[in-house]
K.L.:
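The structure that follows is given in the form of structure tokens.
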Protein chains: 2
Amino acid sequence: MPQAKYFEMSEARSDGFLNIGEAAEASGVSAKMIRHYEETGLVPRAGRTVAGYRIYRASDVHVLRFIRRARDLGFTMKEIAALLGLWQDRRRASADVKRLATKHITDLDARIAELQGMRSSLEHLVHCCHGDERPDCPILDGLAGAGRA
Amino acid sequence: MPQAKYFEMSEARSDGFLNIGEAAEASGVSAKMIRHYEETGLVPRAGRTVAGYRIYRASDVHVLRFIRRARDLGFTMKEIAALLGLWQDRRRASADVKRLATKHITDLDARIAELQGMRSSLEHLVHCCHGDERPDCPILDGLAGAGRA
DNA sequence: ATCCACCTTCCCACCGTGGGAAGGTCAACC
DNA sequence: GGTTGACCTTCCCACGGTGGGAAGGTGGAT
């Protein structure tokens, strides 16, 4: 998979390769994270120039962009690995993808519900707090003990 | 602040102290996290028995419970440190607490909105996917490129 | 005296991301 | 051809919060 280590930078460039900074720019994934993804095996090892610079083709950038978008949708790394696998498997069943995505929606729903629960409890406390220079404060009292915070 | 290091365990117990496991049980904060909070300075160093066991009074447990509830409401450690400071400052103005809490609500709102954005984008894609044994899949296509994923 | 549950410290892991040091390279400009 | 500045390389460290586990010491009950 990875290209052998033979390109001069100039040669690579004229063959349409990008270095990591350019790939980062083009994909929206930081150079740091590109290296990280490589290290964790999410993406295959990049080709290198003779000087050791990583080089990327348009298709590699494409993959990175895919990852970026999946992260933007809140998929975990594991899920993204699975999605990438499906993406690159031309025999996949779309049902498999849909299942993954649907499960992720329920995960998102759970997180949203959790945050909304926090929000409403806190809202309640804030609502009870006069919020002036006096020290007595239902918010602190709520945290300190009494009820459903 | 921290008690000197003079108690036998039995003596401490008869004086109403709890060991870390009991304090964890009573506060809902794990022993691991209690030690962690101590190490990071969120709570003062606990007293010790001669054998080195940490010992906790009811008031310490009270503080831990406060922290627990604040975490349940999604406050960060920094915010909790601030809340604890206000809680223990009898000259506080409730307005300060309210400000902190209100800001936290807007943070929660931002996170909720972010997750809802993900949810709706993903929902859209899922909606478009027939989800059968065929390989073509709008979800993957969406991630791969075209539009607002 | 023995046993088991608990305590202690210490280090490592997760996930995703960023910062920065130390050293090598590329490209452009004079 | 040399200098310069932007970029690359690897390596380690940090964050938030939490957990796991090893190795060794104690508590309390039998």
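In what follows, every chain begins at residue 1, and chains take the letters A, B, ... in the order their sequences are listed. Because only heavy atoms are used, hydrogens play no part in the values below, and waters and symmetry mates are left out as well, while side chains stay in.
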K.L.:
Measure CD/Glu39(B) against C1'/dG16(D) and give the value in whole Å, please.
P.N.:
14 Å
K.L.:
Would you tell me if any nitrogen or oxygen in the side chain of Ser30(A) comes within less than 4.0 Å of OP1 or OP2 on dG18(C)?
P.N.:
yes
K.L.:
Find the distance Glu38(B):CD to dC7(C):C1' and express it as a whole number of Å.
P.N.:
13 Å
K.L.:
Quick one, Ser94(A) and Asp132(B) - any side-chain contact, counting heavy atoms below 4.5 Å?
P.N.:
yes
K.L.:
Rounded to the nearest Å, what distance is computed from the CD1 atom of residue Ile34(A) to the C1' atom of nucleotide dT17(C)?
P.N.:
14 Å
K.L.:
Do Leu100(A) and Lys103(A) come close enough that some side-chain heavy atom pair is under 4.5 Å?
P.N.:
no
K.L.:
Quick check: does any side chain N or O of Glu11(B) sit under 3.5 Å from a backbone N or O of Glu8(B), one acting as donor and the other as acceptor?
P.N.:
yes
K.L.:
Residues from residues 74-87 of chain B sitting under 4.0 Å of DNA chain D, heavy atoms only?
P.N.:
Thr76(B), Met77(B)
K.L.:
Quick one: Glu8(A) CD to dT25(C) P, roughly how many Å, whole number?
P.N.:
11 Å
K.L.:
I'd like a list of close polar pairs between nucleotides 28-30 of chain D and the protein, N/O only, cut-off under 3.5 Å.
P.N.:
residue : atom : partner  : partner atom : Å
dG28(D) : OP1  : Arg13(B) : NE           : 3.2

K.L.:
Within this structure, what is the NE2-to-C1' distance between His36(A) and dG20(C), rounded to whole angstrom?
P.N.:
18 Å
K.L.:
Under 4.5 Å between any side-chain heavy atoms of His130(B) and Asp136(B), yes or no?
P.N.:
yes
K.L.:
Using atom types as modelled, flag every donor-acceptor pair under 3.5 Å from a side chain in residues 74-91 of chain A to any protein atom, sequence neighbours excluded.
P.N.:
residue  : atom : partner  : partner atom : Å
Thr76(A) : OG1  : Glu79(A) : N            : 3.2
Thr76(A) : OG1  : Glu79(A) : OE1          : 3.3
Glu79(A) : OE1  : Thr76(A) : N            : 2.8
Asp89(A) : OD1  : Arg91(A) : N            : 2.7

K.L.:
Asp72(A): which residues meet the side chain to side chain contact (heavy atoms under 4.5 Å, CB included) condition with it, sequence neighbours left out?
P.N.:
Arg68(A)
K.L.:
Can you give me every donor-acceptor pair (side chain of residues 29-38 of chain A, partner residue at least two apart or in another chain, under 3.5 Å) with its distance?
P.N.:
residue  : atom : partner  : partner atom : Å
Ser30(A) : OG   : Met33(A) : N            : 3.1
Glu38(A) : OE1  : Ala46(A) : N            : 3.4
Glu38(A) : OE1  : Arg54(A) : NE           : 3.1

K.L.:
Which pair of non-hydrogen atoms, one from Leu125(B) and one from Gly142(B), has the smallest distance, and what is that distance?
P.N.:
CD2-CA, 4.1 Å
K.L.:
Between Arg13(A) and Glu22(A), is there a salt bridge with N-O shorter than 4.0 Å?
P.N.:
yes
K.L.:
Going 5' to 3' through nucleotides 7-14 of chain D, assign each nucleotide B (protein heavy atom under 4.0 Å from a base atom), S (under 4.0 Å only from sugar-phosphate atoms) or - (no protein heavy atom that close).
P.N.:
BSBB----
K.L.:
Could you tell me if the side chain of Met9(A) sits less than 4.5 Å from the side chain of Val50(A), heavy atoms only?
P.N.:
no
K.L.:
So, does His104(B) use its side chain to make a donor-acceptor pair with the main chain of Leu73(B) at under 3.5 Å?
P.N.:
yes
